S.K.: 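Pasting a structure here, questions to come.
The structure displayed is predicted, hence computed values, not measured ones.
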Amino acid sequence: MMDEREFEQRARACLPKLFRVCCAILPEAGDREDAIQEALLRAWKRRGTLREVAYFETWLVRIVINECRDALRRRKRNATVELSEIIPAPQAEAPDPILQQALYRMDVKLRLPLVLQYLEGYKIEEIAKMTGTPVGTLK
């Protein structure tokens, strides 16, 4: 099992990537921060279930994706008033604002694999494991 120091070092190294993954799924900055905190807490509690330390990053990204999905479900369940104005995400999170706008127009199911593959550099097989989507569907 991973000790506290190793977990902290690896988690800190993954934070920028985790934030970008959250940005691909959640439009609200507060929801992103909550999802990352919850994912890190869940990962810490379940660090003993990680079989291969080499897959820590993939494992952690998968937990973050699940937390983001949970946040979206909670938001839909608790939504009572529609906002008349959509607040755009900060432009500094994507290298190109036009790319970011185009990505946010897409459904999350399509946006997340694109971000993971082209912006984060994951292979299709890794994305399939993270998202629970068949490889053929992703291709």
Side-chain angles (χ1 to χ4, degrees):
M1 179 162 53
M2 205 181 293
D3 67 355
E4 182 177 340
R5 184 176 178 167
E6 183 180 4
F7 180 89
E8 181 183 356
Q9 288 174 343
R10 288 176 175 265
R12 282 186 189 273
C14 293
L15 278 176
K17 186 172 288 200
L18 299 178
F19 186 73
R20 288 188 300 267
V21 169
C22 283
C23 288
I25 301 171
L26 298 170
E28 300 290 328
D31 290 341
R32 296 173 193 156
E33 293 165 0
D34 290 345
I36 290 173
Q37 286 180 349
E38 288 298 320
L40 289 172
L41 180 62
R42 183 173 287 172
W44 172 254
K45 289 179 180 177
R46 296 183 181 169
R47 70 189 185 280
T49 64
L50 179 61
R51 293 184 192 122
E52 292 284 334
V53 178
Y55 296 115
F56 177 80
E57 185 178 300
T58 303
W59 176 71
L60 191 54
V61 169
R62 173 67 187 220
I63 294 171
V64 166
I65 290 169
N66 289 335
E67 282 299 325
C68 290
R69 288 178 176 166
D70 288 347
L72 287 174
R73 281 192 288 274
R74 282 191 301 272
R75 181 172 282 284
K76 285 180 184 177
R77 187 173 55 235
N78 295 332
T80 56
V81 178
E82 289 290 325
L83 294 176
S84 60
E85 181 178 314
I86 296 175
I87 302 171
Q91 298 298 319
E93 295 160 358
D96 181 3
I98 295 171
L99 174 63
Q100 185 178 15
Q101 290 174 358
L103 284 171
Y104 272 104
R105 288 188 186 125
M106 298 175 78
D107 186 62
V108 173
K109 291 178 184 179
L110 300 173
R111 179 174 55 223
L112 181 59
L114 290 174
V115 169
L116 289 172
Q117 184 174 15
Y118 295 109
L119 299 180
E120 299 304 327
Y122 286 105
K123 296 178 182 173
I124 297 231
E125 293 78 16
E126 293 173 311
I127 297 168
K129 287 180 184 177
M130 288 183 216
T131 61
T133 306
V135 173
T137 303
L138 287 172
K139 288 181 179 180

S.K.: So Arg74 and Asp70, do their side chains get closer than 4.5 Å, heavy atoms only?
M.R.: yes
S.K.: Rounded to the nearest 0.5 Å, how far does CZ of Arg69 lie from CG of Leu72?
M.R.: 9.5 Å
S.K.: Looking at every heavy atom in both Met2 and Leu50, which two are closest together, and how far apart are they?
M.R.: CE-CD2, 3.8 Å
S.K.: What's the spacing between Leu18 CG and Ile65 CD1 if we round to 0.5 Å?
M.R.: 9.5 Å
S.K.: Identify the two heavy atoms, one from Arg32 and one from Leu26, that lie closest to each other, and give their separation to 0.1 Å.
M.R.: NE-O, 2.8 Å
S.K.: Please tell me whether Leu41 and Val21 are part of a single hydrophobic cluster in this structure, the criterion being side-chain heavy atoms less than 4.5 Å apart.
M.R.: no
S.K.: Looking at Glu38 and Arg42, is there a salt bridge between them, counting it only when a charged N and a carboxylate O are closer than 4.0 Å?
M.R.: no
S.K.: Supply the atom-to-atom distance Cys68 SG to Asp34 CG, rounded to the nearest 0.5 angstrom.
M.R.: 10.5 Å
S.K.: Same hydrophobic cluster for Tyr118 and Val115, using side-chain heavy-atom links shorter than 4.5 Å among ILVMFWY?
M.R.: yes
S.K.: How long is the gap from CD on Glu6 to CZ on Phe56, to the nearest 0.5 Å?
M.R.: 8.5 Å
S.K.: Should Leu15 and Trp59 be regarded as members of a common hydrophobic cluster, given that ILVMFWY residues are connected when their side-chain heavy atoms come within less than 4.5 Å of each other, either directly or indirectly?
M.R.: yes
S.K.: Any side-chain heavy-atom pair from Leu40 and Leu60 closer than 4.5 angstrom?
M.R.: yes
S.K.: List the atom pairs, donor and acceptor, that lie under 3.5 Å between side-chain atoms in residues 122-137 and the rest of the protein, sequence neighbours left out.
M.R.:
| residue | atom | partner | partner atom | Å |
| --- | --- | --- | --- | --- |
| Tyr122 | OH | Glu57 | OE2 | 2.7 |
| Glu126 | OE1 | Lys123 | N | 2.9 |
| Thr131 | OG1 | Ile127 | O | 2.8 |
| Thr131 | OG1 | Thr133 | N | 3.4 |
| Thr131 | OG1 | Thr133 | OG1 | 3.0 |

S.K.: Tell me whether the NZ or CZ atom of Arg47 lies within the 45° cone about the ring axis of Trp44 and under 6.0 Å from its centre.
M.R.: yes
S.K.: How far does CG of Asp31 sit from CD1 of Ile36, to the nearest 0.5 angstrom?
M.R.: 11.5 Å
S.K.: Using the rule given for side chain to side chain contact (heavy atoms under 4.5 Å, CB included), can you reason through Cys14 versus Val61, listing the C-alpha separation, both sets of side-chain angles and the distance that settles it, and then say yes or no?
M.R.: CA-CA 9 Å; Cys14 293; Val61 169; over 6 Å; no
